[in-house]
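A short worksheet on the structure shown next.
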Amino acid sequence: MKNLVVLSGAGMSAESGISTFRDAGGLWDQYPVEQVATPEGYARNPELVIRFYNERRKQLLTVEPNEGHLGVAALEEEFNVTVVTQNVDNLHERAGSTHVIHLHGELTKVCSSLNPNNPNYIRELKPEEYEVHLGDLAGDGSQLRPFIVWFGEAVPQIEVAIDYVKQADILVIIGTSLNVYPAAGLLHYAPRTADIYLIDPAPVDAHTQRPIHLIRKGASAGVKELRELLKH
Ligand code: APR
């Protein structure tokens, strides 16, 4: 089986009703990114940050995977698929993808404020625990924090993702503006012989001279077209 790596971003989940970040009316228009997605913002106003992620987390209970997520999961019938996602939602997993690497963390998990990447303190929340409060503590006695990689923080999963991209026969980029590094640099690790597809309804600058098969569609229609193209 060929190795197929998907790199997904917020546009993957747009048709499920989850806002993207940088489109007009996106999340970063509604909430200042430096307040809710940086360690400094968290230090200044933890309550606001905890509330912001409580809202995002509770939204998971009201949304469903879309045809795009389902189509990506179905690729496992034909390919050895690794999904590398910048998304913190769990829609790839809920659609049936079995190998998902979350570069920017996971909404359903919490961790220590002192040492966010210590696996001893990373915990999956049950839906009835989705509302985290100031004063709820991690195993090391620090405030429970959302298991989210904020701007300015290390991205521990990037090395794992690079290793998969280096082995890719096919790389499929879906719904990301490729503005945020190191995720945006992943495509440079794809072997020269790999085929690269990019699914996005808007033009995206992939910062490469390499040939890319562009599919100018939303995630659902785009993944459908991709699956047709990969049959031939
Ligand atoms: N289907 C596919 N793509 C879509 C759709 C859709 N229905 N609607 C919008 N898009 C595309 C947009 O055209 C844009 O290129 O999705 C992309 C979303 O880009 P961003 O909002 O910048 O999201 P993303 O690239 O995932 O952001 C990266 O930045 O804010 C941080 O940590 C956050 O993981 C996030 C990272």
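In each ligand, atom 1 is the first atom listed, and ligand 1 is the first ligand listed. This one's a predicted model, so the numbers in the text were calculated from it and none came from an experiment. When reading the values below, keep in mind they use all heavy atoms of this one structure, side chains included, and skip hydrogens, waters and symmetry mates.
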At less than 4.0 angstrom from any non-hydrogen atom of [X], what atoms of ligand 1 do you find?
X: Glu15; result: 1 (N), 6 (C), 7 (N)
X: Thr20; result: 21 (O)
X: Ala219; result: 1 (N), 2 (C), 6 (C)
X: Ala202; result: 13 (O)
X: Thr176; result: 15 (O), 17 (C), 24 (P), 25 (O)
X: Gly9; result: 26 (O)

Test item: [X] and [Y] side chains (from C-beta on) under 4.5 Å apart, heavy atoms:
X: Ser112; Y: Asn118; value: no
X: Asn54; Y: Arg57; value: yes
X: Arg56; Y: Pro146; value: no
X: Gln143; Y: Leu134; value: yes
X: Gln35; Y: Asn45; value: no
X: Tyr130; Y: Thr108; value: yes
X: Leu187; Y: Leu7; value: no

Review point. Which of these, His102, Arg22, Met12, has its nearest heavy atom closest to atom 29 (O) of ligand 1?
Key: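 The residue whose heavy atom sits nearest atom 29 (O) of ligand 1 is Arg22.
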Exercise for review: Pick whichever of Ser177, Gly105, Ser19 has a heavy atom sitting closest to atom 19 (O) of ligand 1.
Suggested key: Ser177
Write out the residue and atom name of the closest protein heavy atom to [atom], then the distance separating them to 0.1 Å.
atom: atom 8 (N) of ligand 1; result: Ala14 CB, 3.9 Å
atom: atom 26 (O) of ligand 1; result: Ala10 N, 2.7 Å
atom: atom 34 (O) of ligand 1; result: His104 ND1, 2.8 Å

Review point. What's the spacing between Thr208 OG1 and Leu198 CG if we round to 0.5 Å?
Key: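 If I round to the nearest 0.5 Å, the distance is 11.0 Å.
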Are any of the N or O atoms of [X] closer than 3.5 Å to those of ligand 1?
X: Lys217; result: no
X: Phe151; result: no
X: Asp200; result: yes
X: Trp28; result: yes

Check your understanding: Does Asp23 have a non-hydrogen atom less than 4.0 Å from ligand 1?
Key ->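 Within the 4.0 Å threshold, so yes.
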Review point. Is the shortest distance from a heavy atom of Pro201 to ligand 1 less than 4.0 Å?
Key: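 Yes, Pro201 has a heavy atom closer than 4.0 Å to ligand 1.
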Point to revise | Phe147/His102 aromatic ring centres below 6.0 Å | key: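 No: the rings miss the under 6.0 Å criterion.
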Point to revise | Under-4.0 Å heavy-atom contact with ligand 1, by part of Gln86 that carries it | key: both
Practice item. Of the side chain and backbone of Val180, name the one, both, or neither that has a heavy atom under 4.0 Å from an atom of ligand 1. Key: side chain
Point to revise | Neighbour count >12 (heavy atoms, 6.0 Å) for atom CD, Gln30 | key: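 Above 12, so yes.
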Practice item. Give the minimum heavy-atom separation between Val88 and Ile148, together with the two atoms involved. Key: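 Taking every non-hydrogen atom into account, CG1-CD1, 3.7 Å.
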